[in-house]
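Quick notes on the structure that follows.
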Amino acid sequence: MSTTPTQFSSSSCFSSSQNIVFNYVYSLSQTPHKLRKRMLATWTPDEELNQVRLRSGSDMKRKLKWHDLIALGVGGMLGAGVFVTTGQVAHKVSGPAVFISYIIAGVSALLSSLCYTEFSVNIPVAGGAFSYLRVTFGEFVGYFAGLNILMEYVLSNAAVARSFTEYLCRTVGVDPDSWRVEVDGLTEGYNKLDFPAVALILVLTLCLCHSTKESSILNLIMTVFHVIFFCLIVIAGFYNGSAKNLIKPKGLTPFGVKGVLDGSAIVYFSYIGYDSVSTTAEEIKNPSKSLPIGIIGSVAIVSVLYCLMALALCVLVPYNEISDTASFAFAFEKMAGWKWAGNIVGAGACLGIVASLLVAMLGQARYLCVIGRARLVPVWLAKVHPSTGTPMNATVFLGVCTATISLFTELRIVLEMVSIGTLLVFYLVANALVYRRYVDTNNMSNSLSTLIFLLLLSSSAIGFSMSWKLREEWWSLALFGSASIMITTFFYYKVPSIYRPSIWSVPLMPWPAATSIFLNIFLMTSLNKRSFQRFGIWAGVIILFYIFYGVHSTYSEEERDQARVSSHYQVSPPSSSSIQQESKVDLQLV
């Protein structure tokens, strides 16, 4: 008799294992059916605001105001990139007209920010582009864009953290490699361990886990000092410089119009970071008022500062004498005799790096949190801590990933792998805005004409961009450029707008979104081969993850939701008071 329970237990375990294997195999056999059902599955804005958001357990705490958002946007963009990029572009690409390159890039960033603003005001959730695209184009497009921008965040944050060590060493006047530990046996480019970068990431991770409001206050303080630092550089540059340097030795545009436009593609990446503001939508007291001010205001402020910084550098020293690396420090040391300028620039850059890293890490955690709500990644990443009101699990997980990459990987290797994902997301959001404005999702009227317009516009933009990159004849540029204008003009007059938000909307549609589509494609074609190779590998990985995990997880969650709703209505039909209560919740959220 003593053997009977053991035998029963063993057979039960074996039967249970068989069931698990059978269920998994059966689930995989249903993958084509689930893919057809899930890939184009969309959520309404109300479902995104109510049903999906409840999966995080606790709500994020609404403590941020418009000035917090401006500080987050400015802090996210004003990193150390301008100190390195400006000198390189002025010396080799654009000449003294580098400030015009910044203007063009600023206009492109402003157009993309307008698209983000309309979505964020009308769908104020923490998912940013992931939520906007999932509502418009379906689950797979949102997932694909969300995972791409997440990887961009992690890689770029690792790069920024390693550059912190560079500038910190420059501030105190030592060699950066002296603060890194070289390990024999590791591959070249991965063998110099950067512990200061890891320490910075871990400290900021703890701050973000503790409170979003306190983190935003810290960012506000650092951003104010950083903006003052920028202004002092601009004033000192104009005071010590001469306008003659703008036209010496070969005029304002020594590399021609092509150099100015090529320069705008390079400096555009200094503007990346404003999209982090949209991910704080669930933590803002008045999203419809604060988000437009925060997103557009921060892009406008940064555009002005960048243009003035570039102009001050070219006024201070002729473009052909600008240093490729420490351009501002070299300029002040040569023209004004300020040998201590390198230390001051290093300190200011460190401050900007910490602020931009804080904002980017805040944004990346909220992206992952909302992707977890959709069950496209493990659900524990979606949990919001009840006491702090922050997505703690997502923050810690991404903090560890970022710290690991920054520990091993050299700056040049990381920089070669970023940017294409962010531009792709900006491109998709602009497409989504056009589709949302011109297509009636109830009866799909205008859907075919809108999709044809977006396809033709993208095709003409690709033709123009490739002609520019391959230096084809001028007539091909004129052909594709005029085709883009004519296509947009025809669509503007022939296809009526179906939907226009009452709270806040982009004016003069579809022109701002169409221009953003064109410019983002142009900027993507300017990237190097390594970026596209990385994009192809990462795209393959996330597609496989979606097929073998995401699609089954979301399909199962939908079945559980339907079962819960059915059992709820069978056990206790909704009363009139509960219906009124649900209506009140919806009204408050809207």
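Bear in mind that the values here come from a model prediction, so they are computed numbers and not experimental data. Throughout, numbering of the chain's residues begins at 1 and tracks the sequence.
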Check whether S467 reaches the backbone of S476 with its side chain - one donor and one acceptor, N or O, closer than 3.5 Å.
no
Locate the shortest heavy-atom distance separating I542 from Y143; write the atom from each residue and the value.
O-OH, 2.6 Å
Within a reach of under 6.0 Å around OH of Y492, are more than 12 heavy atoms found that belong to other residues, nucleotides or ligands?
no
I want to know whether Y435 and F137 have ring centres closer than 6.0 Å.
yes
With side-chain contact (heavy atoms from CB on, under 4.5 Å) as the test, would you mind laying out the steps for V93 and V98 before giving the verdict?
CA-CA 8 Å; V93 183; V98 63; over 6 Å; no
If you measure from CH2 on W475 to OG on S482, what distance do you get to the nearest 0.5 Å?
11.5 Å
Given ring-ring contact (aromatic ring centres under 6.0 Å, His included), test Y116 with F426 step by step and report yes or no.
CA-CA 8 Å; Y116 261 85; F426 291 171; 5.7 Å; yes
Crowded around W66 CH2? As in, over 12 foreign heavy atoms under 6.0 Å?
no
Taking C-beta and beyond as the side chain, do F119 and R436 meet within less than 4.5 Å on heavy atoms?
yes
Taking atom CZ of F238 and atom CD1 of I233, what is their separation to the nearest 0.5 Å?
12.5 Å
Please lay out, stage by stage, how F480 and S465 fare under the test side-chain contact (heavy atoms from CB on, under 4.5 Å).
CA-CA 9 Å; F480 289 114; S465 302; over 6 Å; no
Is it true that a side-chain atom of S242 and a backbone atom of K244 form a donor plus acceptor pair closer than 3.5 Å?
yes
Return yes when atom OH of Y239 has more than 12 non-hydrogen atoms of other residues, nucleotides or ligands closer than 6.0 Å, and no otherwise.
no
In short, M361 meets N157 closest at the heavy-atom pair CG-ND2, 3.8 Å
Does any non-hydrogen side-chain atom of T488 lie less than 4.5 Å from one of W511?
yes
Can you confirm whether K469 is buried at NZ, in the sense that more than 12 heavy atoms of other residues, nucleotides or ligands lie under 6.0 Å from that atom?
yes
Is the backbone N or O of A158 less than 3.5 Å from a side-chain atom of R162, with the two atoms forming a donor-acceptor pair by type?
no
With the threshold set at 4.0 Å, does a side-chain nitrogen-carboxylate oxygen contact exist between R437 and E118?
yes
Can you find a side-chain donor-acceptor pair between Y153 and S276 that sits under 3.5 Å?
yes
Nearest 0.5 Å, please: how far is OG in S94 from NZ in K258?
10.5 Å
Distance only, no hydrogens: is a donor on one side chain within 3.5 Å (strictly under) of an acceptor on the other, for Y427 and S458?
yes
Between L133 and L428, which heavy-atom pair has the shortest distance, and what is it?
CD2-O, 3.5 Å
Taking atom types as modelled and ignoring hydrogens, do the side chains of S215 and N219 form a donor-acceptor contact shorter than 3.5 angstrom?
no
Compare all side-chain heavy atoms of Y268 with those of L519 and state whether any distance is below 4.5 angstrom.
no
Is a donor on one side and an acceptor on the other found under 3.5 Å between the side chain of S516 and the backbone of L111?
no
Quick one about S460 and S484 (side-chain donor to acceptor, distance below 3.5 Å, no hydrogens or angles considered), yes or no?
yes
Of all heavy-atom pairs linking L114 and V506, the shortest is O-CG2, 3.3 Å
Please determine whether ring-ring contact (aromatic ring centres under 6.0 Å, His included) holds for the pair Y438 and F491, giving the CA-CA distance in whole Å, both sets of side-chain angles, and the decisive distance to 0.1 Å.
CA-CA 10 Å; Y438 287 88; F491 183 78; 4.8 Å; yes
Which atom names give the shortest non-hydrogen contact between L150 and Q364, and what distance separates them?
CD2-O, 3.4 Å
May I ask you to decide if T402's main-chain N or O and S406's side chain share a donor-acceptor pair within less than 3.5 Å?
yes
Atom CG in N240, atom CG in L316: separation rounded to 0.5 Å?
6.5 Å
T165-D194 side chain donor-acceptor pair, cut-off 3.5 Å:
yes
Would you name the heavy atoms of A432 and T136 that are closest together and state the gap between them?
O-CG2, 3.6 Å
Audit row: Y271, S112, side-chain contact (heavy atoms from CB on, under 4.5 Å) steps and yes/no:
CA-CA 11 Å; Y271 289 92; S112 292; over 6 Å; no
Just do the side-chain contact (heavy atoms from CB on, under 4.5 Å) check on D262 and I266 with the steps written out, would you?
CA-CA 7 Å; D262 286 344; I266 298 172; 5.6 Å; no
Parallel, tilted or perpendicular, as decided by the 30° and 60° cut-offs, for the rings of Y102 and Y306:
tilted
Validation row, ring centre F464 to ring centre F518 under 6.0 Å
yes
Counting C-beta onward and ignoring hydrogens, is there a side-chain heavy-atom pair between S108 and L523 closer than 4.5 Å?
yes
Any heavy-atom pair between the side chains of P292 and S120 that's under 4.5 Å?
no
I want to check something: taking the side chain as every heavy atom from C-beta on, are S163 and I353 in contact at a cut-off of under 4.5 Å?
yes
With a 4.5 Å heavy-atom cut-off, do L424 and F535 have their side chains touching?
yes
For residues V227 and L305, determine if any side-chain heavy atom of one lies less than 4.5 Å from a side-chain heavy atom of the other.
yes
Show me the side-chain donor-acceptor pairs of residues 69-77 shorter than 3.5 Å, one per line, residues at least two apart or across chains.
none

Nearest 0.5 angstrom please: D68 CG to S216 OG, how far?
4.0 Å
Under the 3.5 angstrom rule, does the side chain of N245 hit a backbone N or O of V315 as a donor-acceptor pair?
yes
Measure the CD1-CD distance between I322 and Q88 for me, rounded to the nearest 0.5 Å.
11.5 Å
Should the ring pair H226 and F230 be called parallel, tilted or perpendicular, given that the plane angle runs from 0 to 90° and is split at 30 and 60?
perpendicular
